[in-house]
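Convention: sequence-line order gives letters A, B, ...; per-chain numbering from 1.
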Number of protein chains: 2
Amino acid sequence: MRSELNITEAPKTEIRAENERLILNAAEAVFAEHGFRGATMQMIADRAGLPKANLHYYFTSKEGLYRQVVERIFFIWLEAADAFETSAGPAAGLSRYIARKMELSRTHRHGSKVWANEVMQGAPLVQDTLETALREWTDSRISAIEGWIAAGQMRPVNPRWLLYMIWATTQHYADFAHQIETLNGARPLSDAQWAEATRTVCGIILGGLGLHAGPAA
Amino acid sequence: MRSELNITEAPKTEIRAENERLILNAAEAVFAEHGFRGATMQMIADRAGLPKANLHYYFTSKEGLYRQVVERIFFIWLEAADAFETSAGPAAGLSRYIARKMELSRTHRHGSKVWANEVMQGAPLVQDTLETALREWTDSRISAIEGWIAAGQMRPVNPRWLLYMIWATTQHYADFAHQIETLNGARPLSDAQWAEATRTVCGIILGGLGLHAGPAA
DNA sequence: AGAGAACTTGACTGATTGGTCAAGTCTGGT
DNA sequence: ACCAGACTTGACCAATCAGTCAAGTTCTCT
């Protein structure tokens with residue numbers, strides 16, 4: 001058997017791997033555009049180019065499919081946190097994290113919306129993830145920021161509100177992309193606009209913390 | 001006939017006014033918690049304490065009811081903009097606007113979520129509002145900020161990204177309230193926490209624009 | 001008191017949709 | 001060539017839900 005190392009799951013055939021990927025991508029888009037209840041298995045099937053019954057061969061239920069979509073974006077965001085740790089001080093760490101989250105808002109718009117939807121509805125399916133993984137992650141980042149403050153490397157603010165501000169601002173560009181594009185003359189933001197928005201967000205936040213804008217991440 | 005002046009709508013009986021209010025409030029909460037498709041007329045009826053058939057006596061359809069809920073929060077936000085105009089300079093204007101939007105996130109959590117949901121799904125029902133009312137409002141605020149910049153009253157930034165940052169950050173406290181409360185030990189933010197969060201948001205944004213924090217709004 | 005309008009409500013209906021199933025087809029190993 | 005397991009799929013079913021309706025009850029005005 002030549003599959004990659006695969007801790008929890010049974011080895012997959014090529015066909016299975018490919019079809020699961022097709023279905024997950026279609027599901028992410030459809031859940032993002034219509035919400036959990038608004039999405040139908042038929043829409044997802046059409047988008048994936050497969051008959052509906054096939055979806056139930058690979059995923060036990062609509063809810064199971066949805067859960068995998070939600071977890072996927074969460075772990076992508078978690079990885080973005082690496083920008084934080086490996087950096088010397090707050091200016092580089094925060095601006096790299098912000099830039100990375102902005103990038104993810106551009107490339108993973110659908111996932112971000114699905115997450116927002118799930119949380120807005122009270123996280124019926126990922127409450128345990130919030131209480132464990134997100135809580136741990138947040139606490140560790142708060143400690144890191146408190147360290148910077150204690151070392152006099154940035155203006156003292158409650159790190160919690162700072163983190164929320166970064167999440168809110170960056171994810172807004174994914175979740176409210178439609179509004180932003182409407183206000184942009186019904187056109188997506190250009191490369192230059194994304195870059196300027198990222199620079200502005202970094203500039204205001206770092207400036208507000210008494211830092212100079214870091215390298216253009 | 002003693003009804004208030006009422007431009008577009010027919011005069012209403014007391015009973016009608018009261019029941020429409022009951023239903024709209026119930027609908028706002030249910031749409032916020034379940035999304036448009038996830039909400040059922042039966043849930044709204046139960047929350048309003050009325051039989052379902054009664055809802056259809058006052059509102060022609062689920063969609064009509066939803067539209068009124070969405071429009072209500074939009075006009076509440078529009079009014080918050082007054083904080084902007086009537087202020088002397090950027091420090092007072094922006095911090096009053098931010099404080100007002102934070103307050104609305106606390107008092108109108110449901111409405112904010114309904115709006116977020118609607119926009120995330122591509123604004124199928126309020127696209128015209130985005131293109132007209134929101135666009136006009138935004139353009140006028142952008143001009144105001146550009147005026148401040150031209151007068152050297154604040155650091156030059158693209159006002160558009162600044163506005164998005166304010167919207168994102170303040171609305172995050174409504175839309176992601178569940179996540180924030182989970183990270184707060186499953187308890188709502190206290191008065192003191194709301195005040196501190198507001199001060200922190202104002203402080204970072206004003207600081208990032210080269211301003212001193214305004215009066216505690 | 002009486003008439004007409006406003007309001008109330010339980011029972012019903014047609015359409016939608018998540019999920020099932022049984023009858024297939026395809027593929028790799030021997 | 002043949003078999004077993006993996007995969008495919010059209011047809012179907014039971015549950016849910018927006019909206020209707022007709023038979024009421026309660027107001028309001030004279």
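Nucleic acid contact for A:Ala39: sugar-phosphate only, since backbone atoms but no base atoms lie under 4.0 Å from a heavy atom of the residue.
In this entry the distance linking CD1 of A:Ile23 with P of C:dG19 reads 14 Å, nearest Å. Note: CE (B:Met41) to P (D:dC17) measures 13 Å, nearest angstrom. Look at CE on B:Met43: it is 6 Å from P on D:dC17, rounded to the nearest Å. Between the P atom of D:dT8 and the CG atom of A:Leu22 lies a distance of 10 Å, rounded to the nearest Å. In this structure, CD of A:Gln42 is placed 13 Å from P of D:dA11, rounded to the nearest angstrom. Between A:Glu20 atom CD and D:dA6 atom P the separation is 14 Å, expressed in whole Å. Taking atom NE2 of residue A:His56 and atom P of nucleotide C:dT17, one finds them 14 Å apart after rounding to whole Å.
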What protein N or O atoms touch nucleotides 7-10 of chain C N or O atoms at under 3.5 angstrom, if any, and at what distances?
{"residue": "C:dC7", "atom": "OP1", "partner": "B:Thr13", "partner atom": "OG1", "Å": "2.4"}
{"residue": "C:dC7", "atom": "OP2", "partner": "B:Arg16", "partner atom": "NH1", "Å": "3.1"}
{"residue": "C:dC7", "atom": "OP2", "partner": "B:Tyr57", "partner atom": "OH", "Å": "3.1"}
{"residue": "C:dT8", "atom": "OP1", "partner": "B:Asn19", "partner atom": "ND2", "Å": "3.3"}
{"residue": "C:dT8", "atom": "OP2", "partner": "B:Asn19", "partner atom": "ND2", "Å": "3.3"}
{"residue": "C:dT8", "atom": "OP2", "partner": "B:Asn54", "partner atom": "OD1", "Å": "3.2"}
{"residue": "C:dT8", "atom": "OP2", "partner": "B:Asn54", "partner atom": "ND2", "Å": "3.3"}
{"residue": "C:dT8", "atom": "OP2", "partner": "B:Tyr58", "partner atom": "OH", "Å": "2.7"}

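Ranked by how close their nearest DNA chain D nucleotide is to the 5' end, B:Lys62 and A:Ala17 are led by A:Ala17. Between A:Thr60 and A:Gly38, the residue whose closest nucleotide on DNA chain C is further toward the 5' end is A:Gly38.
The two atoms that bring A:Ala197 and A:Tyr173 nearest to each other are CB-OH, 3.8 Å, heavy atoms only.
Judged by the 6.0 Å and 45° rule, B:Lys113 forms no cation-pi pair with B:Phe31.
Note that CD1 of B:Ile73 is 13.0 Å distant from CZ of B:Arg109, once rounded to the nearest 0.5 Å. One distance of note links CD1 of B:Ile98 with CD1 of B:Ile205; it measures 4.0 Å at 0.5 Å rounding.
A donor-acceptor pair shorter than 3.5 Å cannot be found between the side chains of B:Tyr164 and A:Gln179.
The aromatic ring centres of A:Phe74 and A:Trp77 sit 6.0 Å or more apart.
Note on ring orientation: taking the six-membered ring where Trp is involved, the planes of A:Trp148 and A:Phe84 are parallel (angle under 30°, cut-offs 30° and 60°).
Across C:dG18, D:dA18, C:dT17, the shortest atom-to-atom separation from the side chain of B:Arg37 is found for C:dT17.
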